[in-house]
Amino acid sequence: MRRPLFAACWKVVELRSSIDPLTGEVTPDHLSLGVSRSDEAALEWALRSAARWGGGVRLVTAGSAKTEAALRQGAAVGATELLRVDLPIDWPSDWIARAVAPHLADADLVWCGDMSTDRGSGAFPAYLAAELGISQALGLIGVELNGPDGPAGSDGPDKGLGFEALRRLDGGRRERLSIGARAVLSCEGATTRLRRASLDGVLVARDAPIAVRVGSRGTTVAPAVASIAPFRPRARVVEPPAGPTARERIRSLTGADAAGRTARAITLNPREAAVAILEALGSWGELPAGLSGERAGDLP
Amino acid sequence: MTERFDVVVVGAGPAGSMAALTLARAGRSVCLLERGPFPGSKNLYGGVIYGRVLDEILPRWIDEAPIERWVTRRVTMVLTETQSLAVDFRSSAWGAKPYNGATALRPEFDSWLASEAEKAGAVLVCSTTATGLLLDERGRTTGVRTDRPGGDIEAGVVIACDGVNAFLAKQAGLTSTEDPSHYTLGVKEVLALAPDEIERRFGLEPGEGADFEVIGGTGGIAGGGFLYTNRETVSVGLVLSIEGLSRSETRPEQLLAEFKSHPAIRPLVAGGDVVEYGAHLIPEAGLAMMPRLAGDGILVAGDAAGMCLAAGIWLEGVNFAMASGAAAGEAAAEALERGDTSAGGLRGYRKRLEANFVLADHRRLKRAPHLVLSDRMQHQYPQLVCNLVEEIFTVRNPSPKQGIVAQARQERRKAGVRLRDLARDGWSAWRTFR
Amino acid sequence: MSRSSESSPVAFEDRMATTEFRIASEPHISVHGDSCRGCTTRACVTACPAKLFVPTSDGGILFNYEQCFECGTCYLVCNTEGAITWAYPEGGAGVVYRRS
């Protein structure tokens, strides 16, 4: 059986920046280069995965050579392979995912942090899963690596590489997931804390080899931004409520009696779902003029 | 497993980095331990560095060190509640090579100096606290214990540059002082101001800096104040006797707020937003608190050895730290070469310090801390001298002017200063500073 | 643009918020409450520049360790042997000065 491979992806950014209150100019603090707590947690989960199932841990960063100090910190705690994909860090997430994906094609579980300190989009793990064509479980708030093995029916080299995790949903709800390899996972920083490197680890990591691959530029075009404006919810003009009593007027004003906004469960493919959502939003008057269900045909 | 180096230097401040740099250049394996995430992250000072000691060791320091401003204006000021009297010295010579003092931010400066040690071959290990010394059965130092797993490091020599609290020197039995009168507390605010605004307020050319040392202004607590200009910030702070502070009912930040609102200080700092606040102890007592500098397998340098000159008109520390660190590095290299790292084998350290300014300055000024922090120097004399100057310059027409000597006598009586004490303090100041 | 500094006194919490602290998982300060109950000076309460020591109504001392400048004033001014135990925090944790 092939040795499993676990990977962690780190976004190395300045943890502190100063912002000029007048001009809004951001000056990153060069001494604060590092990774977020959730990225650290991702590496810890990768290390624990390797401890659970055997195999190595590949730590990947994307960016310039200044991310290599962070890679060495990862090596100090036990990452066995270090890889830097050389690319400009301001690329959009899908380009970075496309550049990084080929170097993770052999990874069974890819752990990412769900948040970077520079408040990135958080879209990288999803794009990465899409590029790799494997499943994703994002925004984990609890991981149970030592539970019963694997989803039923999994076999082949991935057999046994399964565990349970808890994920945050809207409205304070939780989703318990049964996860099997291969998958991209992102976790919150509170799920665990990265172990402390041993002194020996720190000293050895100073000379750990770092593989560098040049990331090729993506081809997708970022959506054109027509304008940026503060968020101001559109005001809707409604008729003055009619009714003989205040209670009835309130009921009609709040739409408590109106039909149409009741929840319904439907199963659709993604494209039809998008159309349905736009139609519903349009019919509730939540979309600006010119963007409504009729333009759903423009969807890719 | 235990690591082994020729030398472990604890603390990557100015003393530690210079020690590590010197040893690495001598071909020794050196581990430079730093408990902060980067060198300088735990370090706070007033703000001026005198870099002359770097001229030989890092000849390009003037161009390469992260300097904020070169000090060309030095103001020594006496404050009473409502008055101020200053000696305002400017030198254009200090604004050109080779320069004199410079303001710098310690996180930048200390990181730079440690990177120079790394370039020379020292192994810098950050985020690692030395929790104690490794001692053999005869009490000789054989290494340090750190708080990392498997964190023991054996070494021929340990150079303790672990700062003012000097835990390692205490463990080695080189010092036992925990006398609070030996320490002062520095509290400091860093205020943001635009560079051209700083230059306007302090009357400076771009790139030039000012250094204000203030006697008084501490709300009756023994100590003083300071004001230094960085590139786009101003450091303002107080140095407070910690005994006086703990006896008083006033907290340090309140004292600092009062200092900032003094009419002589307010125009310089008004409107600056606080962008960082911090505090640090200062080893104030000089020679009186200095530990034994060498034990078997251990040397002590920098603040840990009390090598900070707090003598009224002179406030220096980083230069003493750098010079003592370099001397410790040289002495350790010499001892390793000879194969004798006992206290006797390491005596080259003291010899070097005797030969240069480090111990000479401390000897010469050994009485200064006591004198400067004395009650008369702190309260009566500032009041006396400010009142006298106020009298001299207050026009009381139609009354004729009085003779200055007569006025001086009058003010001395009003301030309750006895002639005997004045004479004695004058004599002791003469002996201290001559 | 210019506004006088005393017109906007900085709240203590805002003052402390200007400095970065990386919180260690273990406290590096410990206070032995029994010794504090008999203490008349309470020097640590006044002298600690980070205001970490707070007297409680029952005569004890409550302390924080998270926003410590790691100066050492508290154990030096404490007049009861062993009432305050103080060491440096875990490597990498604690105060991180950036403009000092």
Side-chain angles (χ1 to χ4, degrees), chain B residues 33-38 40-45 47 105-107 126-131 146-148 162 164-165 167 178-180 183 185-191 230 233 235 242-243 245-253 257 260-261 266 269-272 274-281, chain C residues 1-22 24-26 28 39 41-53 67-79 81 84 86-100:
Chain B
L33 291 178
E34 168 57 44
R35 65 188 184 90
F38 51 83
S41 55
K42 301 287 182 186
N43 303 349
L44 180 140
Y45 78 146
L105 306 182
R106 292 292 295 283
C126 290
S127 298
T128 307
T129 303
T131 52
T146 72
D147 67 344
R148 285 195 183 273
D162 52 335
V164 58
N165 283 294
F167 291 131
E178 291 203 348
D179 180 350
Y183 303 88
L185 175 67
V187 290
K188 171 170 127 168
E189 279 180 7
V190 183
L191 307 173
N230 302 311
T233 54
S235 298
I242 66 171
E243 281 185 315
L245 179 64
S246 52
R247 273 197 304 269
S248 80
E249 297 284 291
T250 325
R251 291 197 33 83
E253 71 278 0
K260 282 170 67 187
S261 62
R266 191 180 54 221
V269 299
V274 180
V275 291
E276 194 165 274
Y277 173 63
H280 210 280
L281 282 183
Chain C
M1 210 6 243
S2 168
R3 93 195 126 82
S4 84
S5 51
E6 70 268 17
S7 69
S8 58
V10 187
F12 194 77
E13 289 70 23
D14 293 344
R15 168 188 298 280
M16 294 304 289
T18 59
T19 305
E20 182 184 351
F21 295 91
R22 300 191 185 167
S25 42
E26 297 285 330
H28 64 284
C39 178
T41 55
R42 299 288 173 88
C44 57
V45 176
T46 315
C48 170
K51 219 193 254 185
L52 297 181
F53 301 91
Q67 292 194 314
C68 176
F69 293 129
E70 298 156 35
C71 64
T73 304
C74 54
Y75 78 88
L76 285 175
V77 297
C78 182
N79 56 9
E81 185 82 23
I84 295 178
W86 194 92
Y88 287 130
E90 178 186 289
V95 67
V96 181
Y97 289 122
R98 198 53 197 83
R99 301 165 185 268
S100 57

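Keep in mind the model is a prediction, meaning the values are calculated, not measured. A note on names: the letters A, B, ... follow the listed sequences, proteins ahead of strands, and every chain is numbered from 1.
- In this structure, the portion of B:Val187 lying under 4.5 Å from any heavy atom of chain C is its side chain and not its backbone.
- Here the side chain of B:Thr128 pairs a donor or acceptor atom with the backbone of B:Cys126 at under 3.5 angstrom.
- For B:Val275, the parts sitting under 4.5 Å from any heavy atom of chain C are the backbone and the side chain alike.
- For chain B, the nearby part of C:Arg22 is the side chain; its heavy atoms alone come within less than 4.5 Å.
- Within the cation-pi definition used here (under 6.0 Å to the ring centroid, within 45° of the axis), C:Arg42 does not qualify as a partner of C:Phe53.
- B:Asn165 touches chain C through backbone and side chain together, each having a heavy atom under 4.5 Å away.
- Looking at residues two or more places apart in sequence or on another chain, you find a side chain to side chain contact (heavy atoms under 4.5 Å, CB included) between C:Ala50 and C:Met16, C:Cys48, C:Leu52, C:Phe69.
- To the nearest 0.5 Å, atoms CG (C:Asn79) and CD1 (C:Ile84) are separated by 9.5 Å.
- Chosen from B:Arg247, B:Arg148, B:Glu189, the residue pairing most often with chain C at heavy-atom distances under 4.5 Å is B:Glu189.
- Ranked by heavy-atom pairs shorter than 4.5 Å toward chain C, the options B:Val164, B:Leu33, B:Asp162, B:Leu245 are led by B:Leu245.
- B:Thr233 touches chain C through its side chain: at least one heavy atom from C-beta onward sits under 4.5 Å away, while N, CA, C and O do not.
- Of the charged side-chain nitrogens involved, at least one lies within less than 4.0 Å of a carboxylate oxygen, so that C:Glu70 and B:Lys42 count as a salt-bridged pair.
- Between the side chain of C:Ser100 and the main chain of B:Arg106, no donor-acceptor pair closer than 3.5 Å is present.
- Using modelled atom types, one finds a donor on one side chain and an acceptor on the other under 3.5 Å when comparing B:Ser235 with B:Asn230.
- The choice from C:Thr19, C:Val45, C:Thr46 that makes the most heavy-atom pairs within less than 4.5 Å of chain B is C:Thr46.
- In this structure, the portion of B:Tyr183 lying under 4.5 Å from any heavy atom of chain C is its side chain and not its backbone.
- Proximity to chain C (any heavy atom under 4.5 Å) is shown, for B:Thr146, by neither the backbone nor the side chain.
- If you measure heavy-atom distances from B:Ala279 to chain C, the contacts under 4.5 Å come from both the backbone and the side chain.
- Not a single salt bridge (Lys or Arg N to Asp or Glu O under 4.0 Å) links C:Arg99 to another residue, sequence neighbours left out.
- Of the two parts of B:Glu243, neither the backbone nor the side chain holds a non-hydrogen atom closer than 4.5 Å to a non-hydrogen atom of chain C.
- Proximity of a side-chain donor or acceptor of C:Glu90 to a complementary backbone N or O of B:Asp147 within less than 3.5 Å is not detected.
- If you tally non-hydrogen atom pairs under 4.5 Å between each of B:Gly47, B:Pro107, B:Gly36, B:Pro252 and chain C, the highest count goes to B:Pro107.
- If you measure heavy-atom distances from B:Leu185 to chain C, the contacts under 4.5 Å come from the side chain alone.
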